[in-house]
Amino acid sequence: MSPAIPTFPDRVYRVVAHIPHGRVTTYGLIARSLGAPRSARMVGWVLRRTPPEMNLPCHRVVNRIGLLSGGWHFGHPDIMRDLLRDESIPFRDDYQVDLSTCLWNPADDPDLDSRHVP
DNA sequence: GCCTTGACGGCAA
DNA sequence: GTTGCCGCCAAGG
């Protein structure tokens, strides 16, 4: 049978699904954990096409400075901001989270096999 | 079939 | 410290 090679979107979904409650990560960290440190943009492209049926915590993904760059994709940045605030995620500004205390690195999760084979 | 945009990031000037 | 450009890959006009 087909080995079911995990596609790029599948890997992104898996990482996002493993983001702990009350924590956030960045597009760059996700891309880097997938072995494509320069494809952070692709992560955002994948998340934009994320089916809502997956119920992925895509609101826990922010850019490298903690800004809710994808807030408008939830209808309004306030929606994303409210979701994060509901998880007690500290905010530095109205639309910027404090990565210093809630940043989560996918590579730090032992459950994730983010090791890319040569 | 070509050009522009896009939920980004790193580096140079 | 700020501003701008390039890279990456795909979809839309």
Side-chain angles (χ1 to χ4, degrees):
Chain A
M1 311 197 305
S2 300
I5 304 169
T7 62
F8 188 80
D10 272 341
R11 296 178 186 174
V12 174
Y13 295 146
R14 184 194 289 180
V15 173
V16 174
H18 276 69
I19 303 176
H21 178 87
R23 285 289 171 83
V24 296
T25 189
T26 70
Y27 304 95
L29 286 176
I30 295 174
R32 185 173 296 194
S33 70
L34 300 179
R38 306 238 164 150
S39 298
R41 209 171 226 181
M42 289 291 89
V43 177
W45 170 76
V46 169
L47 291 181
R48 180 171 68 93
R49 293 191 63 263
T50 301
E53 296 84 35
M54 301 187 77
N55 290 336
L56 288 180
C58 43
H59 59 273
R60 295 179 188 151
V61 183
V62 297
N63 63 3
R64 69 174 182 92
I65 61 176
L67 202 62
L68 309 186
S69 53
W72 285 105
H73 285 259
F74 291 81
H76 196 278
D78 284 342
I79 299 176
M80 184 175 178
R81 203 258 291 191
D82 188 60
L83 287 170
L84 293 171
R85 198 179 232 186
D86 187 58
E87 300 186 359
S88 302
I89 292 179
F91 274 77
R92 300 179 72 178
D93 282 322
D94 286 343
Y95 299 107
Q96 185 177 21
V97 301
D98 186 2
L99 296 177
S100 304
T101 57
C102 64
L103 178 61
W104 174 79
N105 191 335
D108 186 52
D109 193 319
D111 280 351
L112 276 174
D113 294 339
S114 51
R115 301 167 296 201
H116 57 285
V117 294

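Convention: sequence-line order gives letters A, B, ...; per-chain numbering from 1.
- If you take CZ of A:Arg38 and C1' of C:dC9, they are 14 Å apart, rounded to a whole angstrom.
- When rounded to the nearest whole Å, the span between NE2 of A:His73 and C1' of B:dC8 equals 12 Å.
- Comparing the P positions of B:dC3 and C:dC6 gives an interatomic distance of 16 Å, to the nearest angstrom.
- Within 6.0 Å of CZ in A:Arg14 there are 12 or fewer heavy atoms belonging to other residues, nucleotides or ligands.
- In the set B:dG6, B:dG9, B:dA7, B:dG6 carries the atom at the smallest distance from any side-chain atom of A:Arg41.
- Out of C:dA10, B:dC8, C:dC9, the shortest distance to the side chain of A:Asn63 is found at B:dC8.
- In this entry the distance linking CG of A:Leu29 with C1' of B:dA7 reads 15 Å, nearest Å.
- Shown here for A:Leu84 and A:His59, the closest heavy-atom pair between the two residues is CD2-O, 3.1 Å.
- Taking atom C1' in both C:dT2 and B:dA7, one finds a spacing of 24 Å when rounded to whole Å.
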Practice task
Take A:Asn105 and A:Arg32 through the test side-chain contact (heavy atoms from CB on, under 4.5 Å) and record every step on the way to the result.
Solution key: CA-CA 10 Å; A:Asn105 191 335; A:Arg32 185 173 296 194; over 6 Å; no
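- Of the two residues near DNA chain B, A:Met42 and A:Arg64, the one whose nearest nucleotide lies more 5' is A:Met42.
- As a whole-Å value, the separation of A:Phe8 CZ from B:dA7 C1' is 13 Å.
- Smallest separation of non-hydrogen atoms from A:Phe91 and A:Arg81: CE2-CG, 3.4 Å.
- One can place CZ of A:Arg48 at 14 Å from C1' of B:dC8, the figure rounded to the nearest angstrom.
- Rounded to an integer number of Å, the gap from CZ of A:Arg49 to C1' of B:dA7 is 14 Å.
- The phosphate of C:dC9 has neither OP1 nor OP2 within less than 4.0 Å of any side-chain N or O from A:Ser39.
- Taking atom CH2 on A:Trp45 and atom C1' on C:dC9, their separation rounds to 8 Å, with Å as the unit.
- The interatomic distance linking A:Leu99 (CG) with B:dG9 (P) rounds to 10 Å, in whole Å.
- Nucleotides C:dC5 and B:dT4, compared at atom P, are 15 Å apart to the nearest Å.
- At distances below 3.5 Å, not a single donor-acceptor pair connects side-chain atoms of A:Ser39 with backbone N or O atoms of A:Ala31.
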